[in-house]
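Notes follow once the structure below has been shown.
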2 protein chains.
Amino acid sequence: MKKQRAWAADHDVGERRDAIMRGLNTVLRARGRPGALRMQDVADHLGLVKGNLYYYFRSKEELIYHAHVKCVRVSLEALERVRASRDGPAKRLRTLIVEHILAMTEGEYGAVLLEDIEQLTTAHRRKYVALRDEFENGVREIVAAGITQGEFSKQDARIAGFAILGAINWIPKWYRPGGELSARVIADRFADMFLRALRP
Amino acid sequence: MKKQRAWAADHDVGERRDAIMRGLNTVLRARGRPGALRMQDVADHLGLVKGNLYYYFRSKEELIYHAHVKCVRVSLEALERVRASRDGPAKRLRTLIVEHILAMTEGEYGAVLLEDIEQLTTAHRRKYVALRDEFENGVREIVAAGITQGEFSKQDARIAGFAILGAINWIPKWYRPGGELSARVIADRFADMFLRALRP
DNA sequence: GGCTGATTTGACCTTGAAGTCAAATCATAG
DNA sequence: CTATGATTTGACTTCAAGGTCAAATCAGCC
């Protein structure tokens, strides 16, 4: 139930929360030396004072949770788009792989996937995992459809799904913006590779 | 310079340190609810008192560092074995993939790879990364050799290496001992899949 | 037993980061 | 200008977890 204010309709709380989540993303991408994420860093990055963050999010846990949800929604939207298309399984999978990689590397929320979901409350973790499973099941279904339709060789769709998503989810660990390998190139080559792995 | 005691040659400090690192591994695998790793948990698991851990490791950082090194050494030994063999690139790669997956899932030190290396001191991180790169380069070299010798199709060996190792390193995130998919099955199917991805 | 050095103990110290809150400030309507 | 509610501030509190240490205990040797 979002309260709307006439005087700032285009700078409302939702916008601000999004900005904070994007800030979180940047901080996560940039984190150099220290191990843990600090609310202070997020505040500093945005030119805010730490206490101010707590006006928008009840806790660090909530911030991370909402960022996770934002992130998985991006992937779910890609899944919807792909399902709405008339493409066959191979093309669908390629699109999804590419979009997922771009989301991980250049997306506004992708880096949060590096945060351990164990730190979420049980309720939040369940909600997030449900969304994530929806996406992962979508990928598996595409693989399974490809096998059924003969575009892919017969194999275990679960394993293929785990391998593809694992390889992609690991990318932020080594990807460096501005490095030798651009996100686009990584995305295309990963897609090539996994489609080769599946072809009959 | 390790001081040797006549009266406990087979229960020396090195053994104890190993036991603690194995305990760390178990705790990391089992960690249910909370986000972070606590020295207290490691102590509890081993039936030790927290302070006692600090007799064997100067700090949590050192414990994690040494566990990382242990872990990568296991993989490096597999690499050496493979290099010493007369197998061709495809067979070599399969062996490495299988061994690496078994190390990640059932090995005595594999779970530590889930800990962020950013929390290590710069010096320790450099040392560890050097070892890890040695292993990763080894994998890339095998891929490259396979391409040269025509066992694999022409492609970017770096990308293939990243994809293979990323998919494997992600396994502990979803693998559950005693679950539907045994480590052995996962290892074989992952190997099948990646070899299909590389074949001409 | 008594000595010596290794190991264990648990109470205590310290720190860093999460989170709180009352007061100050700001934006807009009237 | 003033009233009102939204937002911002920064000093403060809390607390968990890492880490310390002097004293107690243990193992083997003489």
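Residue numbering restarts at 1 for every chain, and letters A, B, ... go by the order of the sequence lines. The analysis underlying the following values was restricted to heavy atoms, covering all of them including side chains, and did not include hydrogens, waters or symmetry mates.
The nearest whole Å value for the distance from the CG atom in B:N52 to the P atom in C:dA6 is 15 Å. Rounded to whole Å, the distance from CZ on A:R38 to P on C:dT15 is 16 Å. Note: CG (B:L48) to P (C:dG10) measures 12 Å, nearest angstrom. Between the CZ atom of B:F57 and the P atom of C:dT8 there is a distance of 13 Å, rounded to whole Å. Atom CD in A:E62 sits about 15 Å away from atom P in C:dA18, given to the nearest Å. The distance from atom CD1 of A:I20 to atom P of D:dT7 is 11 Å, rounded to the nearest whole Å. B:D44 places its CG atom 12 Å from the P atom of C:dT9, with the value rounded to the nearest Å. A:E61 has its CD atom 14 Å from the C1' atom of C:dG19, to the nearest Å.
A side-chain donor-acceptor contact under 3.5 Å links A:R140 and A:N137.
For B:K50 and D:dG19, a side-chain-to-base donor-acceptor distance below 3.5 Å is present, hydrogens and geometry of angles not being considered.
Ion pairing of B:K70 with B:D18 is present here, as a side-chain N (NZ or NE/NH1/NH2) and a carboxylate O approach within less than 4.0 Å. Ion pair B:E99/B:R81 flagged as a salt bridge, since at least one NZ, NE, NH1 or NH2 atom sits closer than 4.0 Å to an Asp/Glu carboxylate oxygen.
For the pairing with A:V112, the side chain to side chain contact (heavy atoms under 4.5 Å, CB included) check across A:H66, A:M21, A:H68, A:R29 returns one residue only, A:H68.
Note that B:R17 lies in the cation-pi zone of B:F57, set by a 6.0 Å cut-off to the ring centre and a 45° limit from the axis.
A sub-4.0 Å separation between OP1 or OP2 of C:dT8 and a side-chain N or O of B:R16 is present. Within the 4.0 Å cut-off from OP1 or OP2 of C:dT8, not a single side-chain nitrogen or oxygen of B:Y55 is found.
Residue A:L53 is out of contact with every strand shown, counting any heavy-atom pair closer than 4.0 Å. Heavy atoms of B:Y56 sit under 4.0 angstrom from primed sugar atoms or phosphate atoms, though from no base atom.
The side chain of B:Y54 lies closest to D:dT20 when the candidates are C:dG19, C:dT9, D:dT20. Listed nucleotides C:dA18, D:dT8, C:dT9 differ in distance to A:K60; the shortest reach to its side chain belongs to C:dA18. Distances from the side chain of B:M39 to the nucleotides C:dT20, D:dG18, D:dG19 place D:dG18 closest. Comparing C:dA17, C:dG19, C:dT9 against the side chain of B:V49 picks out C:dT9 as the nearest.
A residue-by-residue look at B:G47 and A:G51 shows that B:G47 has its nearest nucleotide of DNA chain C further toward the 5' end.
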